[in-house]
Student: 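Shown below is the structure under consideration.
Every chain is numbered from 1, with letters handed out A, B, ... down the list of sequences.
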Amino acid sequence: MLDLRQIRDNTQAVQALLNQRGDYNLQPLLELDLQQRELEKQRSQLQSRGNEIGKLVGQKMRVGTNPDSGEIQLLRSEGNEIKTALSQLEPKEKEIKAQIEILLLTLPNLPSENTPLGKNEEQNVEVRRWGEEYIPSFKLAMPHWEVGEAMGILNFERSAKVAQSRFVTLIGAAAALERALINFMLKRHIQSGYVEVIPPFLINSTSLTGTGQLPKFAEESFKCSHDDLWLTPTAEVPVTNLYRDEILESPQLPIRHCAYTPCFRREAGSYGRDTRGLIRLHQFNKVELVKFVHPDTSELEHQSLVQDAEGILQALKLPYRVLELCTGDLGFSAARCYDLEVWLPSAGKYREISSCSNFKDFQSRRANIRFKEPTKKGTQFVHTLNGSGLAIGRTMAAILENYQDSHGIVRIPEVLQPELGREIL
RNA sequence: GGAGAGGUGGCCGAGUGGUUGAAGGCGCAGCACUGGAAAUGCUGUUUACUCGUAAGGGUAACGAGGGUUCGAAUCCCUCCCUCUCCGCCA
């Protein structure tokens, strides 16, 4: 959520930044803001007089004035008039406040000053590549879903029977590999100083609003019909909301968490895309990194977050590149974002495997996550950041392809061999 | 799911419908005392919105939302959460 005061005081600047992202108009919001403040002024004046009357009546009663006396009757009737006036004002103000809230919740974050300008994903900026020497030089025998099915370790058909299309069942070696990957990633992140959490996988609407999935992206998540609970689309939501409505002490910062969760996404509007394999499923596993940091350190923390995610790909010797998203491709809540893309031989291109965002104070404003500095008065909003470290299913796909030899035999990355107790899948 | 008890400031804990943002205690900060510390004393110690250049003012908040009243932490209703017992269950 953007700061309403900033919108009010720096309308031009905010508008200019929003224009880099799309078509947004601040005028209606500003008008509502003006109305709301006027109503607030009137209301608080009435309330002030109302309080005064209450006190006066109390004083008189205390000294023994007859409750039915004229002066008290007079005060009472003025009190009633105020009540009537307030009952007219209050709903109006509430309505306007609600409208302001809706407008604010639907405005995206402002891009950071470092974010490259651009209209769409084609104008994202490639920052670096790693591991090109690991890209297989021969023609791939089978894409990952075929090799997985051939080995009997991935089953899509039965999963569609059990659930729907876009689900997978991992069998035997694939299940073991999945588990090993989760474990390997968590271990590394814990070593780098992240504290592991296993949050609830069902989350309420307030939590989804806090991180920015609601109200705009309701159709992307699965909702439980009898409860105000949704299946989490990413660990970002439950983990960020862990500190919702809290005031942290600055020495507690930065807080760094890593979390394994399954993720559930409806993938509405992507019907024709990635219909085969592990790339786009309704349910997938992911290890997520989440940070709560002091605004002064958020840029550094963002860079190190990206490195922590990259570290996994490097350890697995999977070739990848790093893109910085341009203003036009930035996610709704992000101010700045790097995508890690892993090389996927079946597609002959890099595919997203991690997205590392700095949300600055956008989420913390929505979720009301603040901190206090001993020397400063008042509170400030923390900066939140997160990134995949990594998406497990896509990592598995990358391994099944990049580690496949010309006969369709898949080796296991060295770092996972001890855990799995073998070299070949 | 059934029955009961309860939700007050960073924490503990008072609170009779009347000037209570809330006694008292603990904690914390500052000052005084001290060679230094402890102990003691004094002072201070929530957040949000809004008006104001500022000093400062106004309003709101005692789980949440409604209601009664001139006035609600206190009375009424709904919901949420916690605890205890019973049932069920991994």
Student: Can you tell me the Watson-Crick or wobble partner of rA37(B), both distances under 3.5 angstrom?
Tutor: none
Student: Charged N to carboxylate O below 4.0 Å: is that the case for R5(A) and D9(A)?
Tutor: no
Student: Under a 3.5 Å cut-off for both contacts, is rA73(B) paired Watson-Crick or G-U wobble with anything, and if yes, with which nucleotide?
Tutor: none
Student: Searching all strands shown, indicate the nucleotide that pairs with rA90(B) (Watson-Crick or G-U wobble; both distances under 3.5 Å).
Tutor: none
Student: Check this for me, if you would: do E90(A) and R43(A) make a salt bridge, where the nitrogen-to-carboxylate-oxygen distance has to be below 4.0 angstrom?
Tutor: no
Student: For K60(A), answer base if it contacts any base atom (sugar-phosphate contacts may also be present), sugar-phosphate if it contacts only those atoms, and nothing otherwise; contact means non-hydrogen atoms under 4.0 Å.
Tutor: nothing
Student: Starting the side chain at C-beta, find the nucleotide from rC70(B), rG66(B), rA60(B) nearest to R76(A).
Tutor: rC70(B)
Student: Using the side-chain heavy atoms of N51(A), tell me which of these nucleotides is nearest: rU50(B), rU46(B), rU59(B).
Tutor: rU59(B)
Student: Assign T379(A) to base, sugar-phosphate, or nothing according to its heavy-atom contacts below 4.0 angstrom with the strands shown.
Tutor: sugar-phosphate
Student: Sort out the partner of rG27(B) for me: Watson-Crick or G-U wobble, both distances under 3.5 Å, none otherwise.
Tutor: rU45(B)
Student: Taking any strand in view, what nucleotide pairs with rU19(B) in a Watson-Crick or G-U wobble way, both distances under 3.5 Å?
Tutor: none
Student: Under 4.0 Å between any heavy atoms, over every strand shown, what does R8(A) touch: base, sugar-phosphate, or nothing? Just pick one.
Tutor: sugar-phosphate
Student: Do H294(A) and F371(A) have side chains that get closer than 4.5 Å, going by heavy atoms?
Tutor: yes
Student: Identify whether any heavy atom of R49(A) sits under 4.0 Å from a base atom; if not, whether one sits that close to sugar-phosphate; answer base, sugar-phosphate or nothing.
Tutor: nothing
Student: Scan every strand shown for a Watson-Crick or G-U wobble partner of rU78(B), both distances under 3.5 Å, and answer none if you come up empty.
Tutor: rA64(B)
Student: Side chains of E236(A) and Q363(A): do they bring a donor and an acceptor to under 3.5 Å?
Tutor: yes
Student: Atom NZ of K97(A) to atom P of rG65(B): distance rounded to whole Å?
Tutor: 12 Å
Student: Who does rC83(B) pair with, Watson-Crick or G-U, both distances under 3.5 Å?
Tutor: rG4(B)
Student: Looking at rG9(B), which nucleotide sits across from it as a Watson-Crick or G-U wobble partner, both distances under 3.5 angstrom, or is there none?
Tutor: none
Student: Does either side chain, that of N285(A) or that of E178(A), offer a donor lying less than 3.5 Å from an acceptor on the other one?
Tutor: yes
Student: For I247(A) and K83(A), take the nucleotide of RNA chain B holding the closest heavy atom to each; which residue's nucleotide lies nearer the 5' end?
Tutor: I247(A)
Student: From rU19(B), rA48(B), rU50(B), pick the nucleotide closest to the side chain of K55(A)?
Tutor: rU19(B)
Student: Which nucleotide wins on minimum distance to the side chain of E40(A), given the candidates rU50(B), rC70(B), rU59(B)?
Tutor: rU50(B)
Student: Within the structure shown, what part of the strands sits under 4.0 Å from R43(A) by heavy-atom distance: base, sugar-phosphate, or nothing?
Tutor: sugar-phosphate
Student: Got a salt bridge between E267(A) and R265(A), using NZ or NE/NH1/NH2 to carboxylate O under 4.0 Å?
Tutor: no
Student: Between rG58(B), rG66(B), rG18(B), which nucleotide has the shortest distance from any of its atoms to the side chain of S48(A)?
Tutor: rG58(B)
Student: Give one of base, sugar-phosphate or nothing for K41(A), where a contact means two heavy atoms less than 4.0 Å apart.
Tutor: nothing
Student: I want to verify a distance call: between rG58(B), rA48(B), rC70(B), whose nearest atom is closest to the S44(A) side chain?
Tutor: rG58(B)
Student: Find which nucleotide of RNA chain B each of R370(A) and G50(A) is nearest to by heavy atoms, and output the residue with the more 5' nucleotide.
Tutor: R370(A)
